[in-house]
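I have placed the structure first, in the form of structure tokens, so that the comments after it can refer back to it.
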There are 4 protein chains.
Amino acid sequence: MSQRQSKSEAAGNRESERRRTILRAAIDVFARKGYHGCRVADVAREAGVAYGLVYHYFKNKDELLETVVETGWSGFVSRMRAVAEDESTSLEEKVRGIADVAFEAYRVDPRAVKVLILEVARSPAGTQVVSRQQAFLDTIRMAATMFARSQTTGELRADLDPMLCASLLFGAIELGLTAFVSGLMEDRSPEALDRAKLQIAESFLRGVLPGAAAPPEASWKQEKVSSGTKQKVGKRS
Amino acid sequence: MSQRQSKSEAAGNRESERRRTILRAAIDVFARKGYHGCRVADVAREAGVAYGLVYHYFKNKDELLETVVETGWSGFVSRMRAVAEDESTSLEEKVRGIADVAFEAYRVDPRAVKVLILEVARSPAGTQVVSRQQAFLDTIRMAATMFARSQTTGELRADLDPMLCASLLFGAIELGLTAFVSGLMEDRSPEALDRAKLQIAESFLRGVLPGAAAPPEASWKQEKVSSGTKQKVGKRS
Amino acid sequence: MSQRQSKSEAAGNRESERRRTILRAAIDVFARKGYHGCRVADVAREAGVAYGLVYHYFKNKDELLETVVETGWSGFVSRMRAVAEDESTSLEEKVRGIADVAFEAYRVDPRAVKVLILEVARSPAGTQVVSRQQAFLDTIRMAATMFARSQTTGELRADLDPMLCASLLFGAIELGLTAFVSGLMEDRSPEALDRAKLQIAESFLRGVLPGAAAPPEASWKQEKVSSGTKQKVGKRS
Amino acid sequence: MSQRQSKSEAAGNRESERRRTILRAAIDVFARKGYHGCRVADVAREAGVAYGLVYHYFKNKDELLETVVETGWSGFVSRMRAVAEDESTSLEEKVRGIADVAFEAYRVDPRAVKVLILEVARSPAGTQVVSRQQAFLDTIRMAATMFARSQTTGELRADLDPMLCASLLFGAIELGLTAFVSGLMEDRSPEALDRAKLQIAESFLRGVLPGAAAPPEASWKQEKVSSGTKQKVGKRS
DNA sequence: AATGAATGAGGTTTCATTCAT
DNA sequence: CATGAATGAAACCTCATTCAT
């Protein structure tokens, strides 16, 4: 802030600046080519720094991803948690808040969200450090807990599985965002984003809130027996 | 079937038997460690065949995945399409049918579904052959078309984006299945699967069908302005 | 042995042949440039094989050295042990036998001995797998035990430290061999080797066997006080 | 000495102080992990100075070792030479003197001695600057010359190879010291050191001085033919 | 003098793919 | 068909050295 920074301050700033540059480059490259599809050299080139500098700031390629994920995810999760555990709000507000957080994250840094979706949300279990895979699941569990609490207050239909509600909500949000990330949605304007967010939240709420308008269950109840048996879904030719 | 098979038949059968063994092994290994996390040798070992035999039946590692995906996905898609484009059924039945197809596929071969979810649904755009990435998106587009048609008949609320509806449905289904795949759902009995399927379909339908019971929109309409702006979601420190 | 070898036999032979080729090349290269001074590529080139084949037969560069050492050393040690623990021989015969084993090893494969001397005998403790450093020390300990036993039978002067006797013997042998390895000894003919071997064994024996002719200790006893004090050997602080 | 030092003197002192600190650290680190097993950063950390400062005082890593060796070795050699070339002493006194010098060097700075043993005495020929490898050999040659002279005066048995005598002496001393360095000798007290020194010198002298008590050569003369032939020392299977 | 960030050549290791048997 | 040894390009990582401050 002061006109003159002490040497160490200046150095400290430059260091974190470089570090951030590399992290930024990593996000961009990971988003573009995927973690496995890019080389450390790509990240370095994107960042405009020498090869070895990446290893000055990060132990190895994996830690680079780990850091990208952690910084991106931890903020996301803490905001999510703040919304989900706010005792002064209704379930409805919470759900809308969660959608807000997710879409806002996308608005601010779509590429980072893409990396999170691609490399964190889904990835073989055993492969990486527990944290990565777990991070995503923990978030869903957190939401499930939120839904379970809502059932005790009657805000959520009692016949629903809270874990499934959570999956449903996050699945909708995630694939909604994926639609933007992947180019399925042509209009990526802020307004379109906002509309998508609202639609997702609203549809979800309509579906799970205890409302008068139950869907005409009768029609499917009688055919549910057949489901799962009449379909032949043999995987291989 | 006959006691004696002609030479070519026998050879053909033995070949496809081996081929199938390898494909099966590939599915299992991909599901366990991911495409990038495993080596061709792992697949060969899992199949109990020699190293080079994999290359006898498949051009390269990528074709192996391609084949896994194609055989798994094409059946899935055709069944999906049959359901979605059946002109004699209501939207509700179609949606339930889609959920049926997805969950039945999981019931029959959960590991194959896992591979499809991991390696097909999400993966960086540029990386692989177009087909893979496209396959998933095409399916969503197909569902979007289905929803769009339903709007013309008044079966679906007109104010919803069909593409988003498709994302919402598939997102819910996919993450629902992920909940099983990842172990989030402890009870993986057929009954639990069935329950999940029904809940997902029903909640989705409730949310998007034109019903009397609109959710209390008033409550959020007045705060919607703020959403996407008041939240501070800065990704990095 | 038979004219026709079964497939696996042939393969087995070819495999071990290659493996041996690489090991041989490693010995030569290690002897010439040292473990740290050469690249895996050098070994591959020397062996006339492709780069990656080295890794087909050995886990990594370190295992390559480990194997060189083990195969070379284990034979050496077992022969040494056979000599040292033979209860039917006199100490004198044992000492001569040990010199035999060492010099014969050098005659048979001087480069392998060079590698053993360079990379095994001495090397920082913590660096490598225990076995390497320990192997050498264990051999000395074995000899020390042999000397200790000889003291009980009166074959060795009782006033000597067995461990030091072992060090003395092996030090003499090792540096004797080093004189050949390093080119200090110009004549490397078998006869010269034999002469060196005999001289070393004989001088050692003269020095440690209980003989009438004690060295004129008187002469140094009176000046021993000064030793270790008058010399200024400060390495610089 | 004077109360006031000129600026350059002061600077010079400070410089050499730092320089010495780094050199000291290098000795310790080299002794602990070996030249190849450590990084320049390790030396810097051990010295408690910044990374680049090492390069302020030394051209490169190799010069660091070179300097360690030179300062350590040159003093050692000049003391050794003073003893070996002192025309007023008997061979016996010279040998005892050499042992004195070596053990005193170890007493004063065992780690420096370890480095000398590890990095100087043995190291592949081609690897480094000639001086290093040569330094050790030259010392042995010097001793060999000393022994050769002793033969002309009849102090040393005429049937011995002077070069081998030198190797024998230094081998015994070196491995004697190694026994201490490596922990083979449990008692490392000054007294134990002194005892070892005396035993080595005395045994060596007994072995090589022309004494009445020749070892019973007869016993081995008749079996010497076999040596080197009956032993099967094939290195590999 | 002192610092440690920055550089990049050089080495190791992996693993998809080919090929001889 | 089947095998698995052989190949080598491509990626990762290390670390000596330089350089701007």
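- At whole-Å resolution of the value, CG in B:Asp42 and C1' in E:dA16 are 13 Å apart.
- Between the C1' atom of E:dT3 and the CG atom of D:Leu53 lies a distance of 8 Å, rounded to the nearest Å.
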Point to revise | CA sep, side-chain torsions, deciding dist, call: C:Asn60, C:Glu63, side chain to side chain contact (heavy atoms under 4.5 Å, CB included) | key: CA-CA 5 Å; C:Asn60 53 32; C:Glu63 196 188 271; 3.6 Å; yes
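- Summarising the geometry, the separation between CG on A:Leu64 and P on F:dC13 is reported as 10 Å, rounded to the nearest angstrom.
- For the OP1/OP2 pair of F:dA6 and a distance below 4.0 Å, the side-chain nitrogens and oxygens of C:His56 include no atom meeting the criterion.
- Look at CZ on B:Phe58: it is 13 Å from P on F:dC1, rounded to the nearest Å.
- The nucleotide E:dT18 finds its pairing partner in F:dA5, both defining distances of the Watson-Crick or G-U wobble pair being shorter than 3.5 Å.
- Side-chain contact between A:Arg32 and A:Glu46: present, with at least one pair of heavy atoms (C-beta onward) separated by less than 4.5 Å.
- As a whole-Å value, the separation of C:Arg45 CZ from E:dG11 C1' is 13 Å.
- Shown here for D:Val115 and D:Ala31, the closest heavy-atom pair between the two residues is CG2-N, 3.5 Å.
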Exercise for review: Kindly indicate, with the supporting measurements, whether the criterion side chain to side chain contact (heavy atoms under 4.5 Å, CB included) is fulfilled by D:Arg19 and D:His56.
Suggested key: CA-CA 9 Å; D:Arg19 205 185 137 90; D:His56 201 76; over 6 Å; no
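- Taking atom OH on A:Tyr57 and atom P on E:dG4, their separation rounds to 12 Å, with Å as the unit.
- Put simply, CZ on A:Arg18 is 8 Å from C1' on E:dA5, counting in whole angstrom units.
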Check your understanding: What is the per-nucleotide protein-contact pattern of nucleotides 14-20 of chain F, from the 5' end, where B denotes a base atom under 4.0 Å from a protein heavy atom, S denotes such proximity for sugar-phosphate atoms only, and - denotes neither?
Key -> BSBBB--
Practice item. Check the pair B:Ile22, B:Leu64 against side chain to side chain contact (heavy atoms under 4.5 Å, CB included), reporting the backbone distance first and the verdict last. Key: CA-CA 9 Å; B:Ile22 293 172; B:Leu64 197 53; 4.1 Å; yes
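- For the pair D:Ala50 and A:Gly48, nearest-nucleotide mapping onto DNA chain E gives the more 5' position to D:Ala50.
- When both distances must be under 3.5 Å, the Watson-Crick or G-U wobble mate of E:dA9 is F:dT14.
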**Study point:** Test log, rule side chain to side chain contact (heavy atoms under 4.5 Å, CB included), inputs B:Val68 and B:Leu116
**Key:** CA-CA 8 Å; B:Val68 169; B:Leu116 294 182; 5.5 Å; no
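- A straight line from CD of C:Glu63 to P of E:dT13 spans 11 Å, rounded to a whole angstrom.
- Between C:Tyr35 and C:Phe30, the ring planes lie perpendicular to each other; the angle is over 60°, past the 30° to 60° tilted range.
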